[in-house]
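Structure first, commentary second.
A note on names: the letters A, B, ... follow the listed sequences, proteins ahead of strands, and every chain is numbered from 1.
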2 protein chains.
Amino acid sequence: MNTTDSIKGAPLPSIRRLPQYLQLLRQMQTKGRIAVSCTHLADDLGFTSTQVRKDLAVTGIIGKPKVGYITEELIASIENFLGWNNYSDAFLVGVGNMGNALLGYDDFRLHGLNIVAAFDANPEKIGKNVHNCEIFALDKMYELAERMHIQIGILTVPAAAAQSVASEMVLAGIRAIWNFSPIALEVPDSIIVENVRLYSSLAVLTSRLANTNK
Amino acid sequence: MNTTDSIKGAPLPSIRRLPQYLQLLRQMQTKGRIAVSCTHLADDLGFTSTQVRKDLAVTGIIGKPKVGYITEELIASIENFLGWNNYSDAFLVGVGNMGNALLGYDDFRLHGLNIVAAFDANPEKIGKNVHNCEIFALDKMYELAERMHIQIGILTVPAAAAQSVASEMVLAGIRAIWNFSPIALEVPDSIIVENVRLYSSLAVLTSRLANTNK
DNA sequence: TAGATTGTTAATCGATTAACAATC
DNA sequence: TAGATTGTTAATCGATTAACAATC
């Protein structure tokens, strides 16, 4: 068992559920709730209480029998595990429909992310500001990412450009790519790639519809 | 085993991979490729060939030993299974950042979806056209969805409005909701809900980054 | 104390992978 | 025919759920 294996200890499905707990807990905290039990969280989200307990344990939190978890502690524990206690600077490449939308999300900073600059190949977009973020020429990305030690790249270019931009990100020292293109990127093993596949999601929806209509 | 169970026969992970095969196959077809083997598809996407075979079998396709699958047949089989041979009309509610982006996607029709109208609560947006789609007042949604027998609703409203709009969609006869809000919607069991959880995806990315930096 | 809740071990379930016979 | 490929059964792996002891 090497280091990478042991880090992977947390099941991916658990990690995916953590933001849901976090959102609920933040709401509860503003309502002044001091402690919360697994049963309560489970009921609100439609999970089983055992699953909630397993998920939360991933973050290292320790609860109190008969009481539950201290809301504040649990929030901190989840945020810490996800790296959302601080935020990391990120570059966004490709200011099309999706890129534009993401630049407008103003609560990424509550989710560990801070988009500091955007890039596009279209000369007409360069120099403009979108949602308070300046758009630079694509060929400036390499230099700036290297200089600013950017670790996260958000890839929202058309499919045809995805692989070449991804490769450039890797060369510039970017270590994690949030990929919104439908392309299976080829990058070194050390690079973290997380794909957002809208069409996979749509496929689940339409196939269910198609197969219940019969 | 009832009807619902037998329909659910296809594993969800397989369904999620089908659009990836489809995209690749469509590319191959334009390049004039008549037949394709599992091994080839597997290599291109980084899967095992057994997995590809199992996934494709879900759609009912039958291959030819020594040859593989006829590209055209396989494309048709996947499209048919996903319900992407035709497209269904859909309403989009909430023309904010994400709503705007989705209205701009012009290849949804290749993926079974046709957005025919958009709705928003903001009076300033009403009557305008976004990407050739007219924006109506939110309170017109119910009547129009019922009248046009709309089956699919795309939910891109802010979190606070998500549940109430979803409930209204259900009352209007909408049978499947593509939910982009981070809310766990409460709807009858018969309604199909497919959630796009951006923050789940981001959590996987940042947690990996946080846990490899240590 | 009694009862609610956590933490953990064991059992179940489902998806992936391996092995191999059937086929053209 | 020989070899590549499919289709299918069995083995493995990982996540979820059930059961229950420990705890305040």
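What separates CD1 of A:I61 from P of C:dG7 is a distance of 9 Å, to the nearest Å. Atoms CD1 (B:I15) and P (C:dT16) sit 12 Å apart, rounded to a whole Å. Atom NE2 in B:H40 sits roughly 16 Å away from atom C1' in D:dA4 (whole-Å rounding). As rounded to whole Å, 10 Å separates atom P of D:dT17 from atom CZ of A:F47. In this structure, A:I70 places its CD1 atom 14 Å from P of C:dT5, rounding to the nearest Å. Taking atom NZ of residue A:K66 and atom P of nucleotide C:dA4, one finds them 9 Å apart after rounding to whole Å. For the pair A:I62 CD1 and D:dT23 C1', the computed distance is 13 Å after rounding to whole Å.
Contact between the side-chain N/O atoms of A:R53 and the OP1/OP2 oxygens of C:dT9 is not found at any separation under 4.0 Å. Residue A:T48 places at least one side-chain N or O closer than 4.0 Å to OP1 or OP2 of D:dT17.
Using a 3.5 Å distance cut-off with no hydrogens or angles, the side chains of B:E194 and A:S201 do pair a donor with an acceptor. A:R26 and A:T30 share no side-chain donor-acceptor pair at under 3.5 Å.
Considering only side-chain atoms of B:C38, the nucleotide from C:dA4, D:dT6, C:dT8 that sits closest is D:dT6. Comparing C:dT16, C:dG3, D:dT16 against the side chain of A:P13 picks out D:dT16 as the nearest. Distances from the side chain of B:T50 to the nucleotides C:dG7, C:dT23, D:dT8 place D:dT8 closest. Proximity note for B:P11 (side chain, C-beta onward) versus C:dA15, C:dT23, C:dT5: the nearest is C:dA15.
In this model, no side-chain donor or acceptor of A:K54 finds a partner on the base of C:dT6 within 3.5 Å.
With contacts defined as side-chain heavy-atom distances shorter than 4.5 Å, the pair B:N100/A:N100 does not qualify.
The environment of CG in A:L171 is crowded: more than 12 heavy-atom neighbours from other residues, nucleotides or ligands sit within 6.0 Å. The local environment of CG in A:L110 is crowded, with over 12 non-hydrogen atoms from other residues, nucleotides or ligands closer than 6.0 Å.
At a threshold of 4.0 angstrom between heavy atoms, the contacts of A:S37 are confined to the sugar-phosphate backbone, with no base atom among them. Backbone-only engagement by A:K64 is indicated by non-hydrogen atom pairs under 4.0 Å involving sugar-phosphate atoms exclusively.
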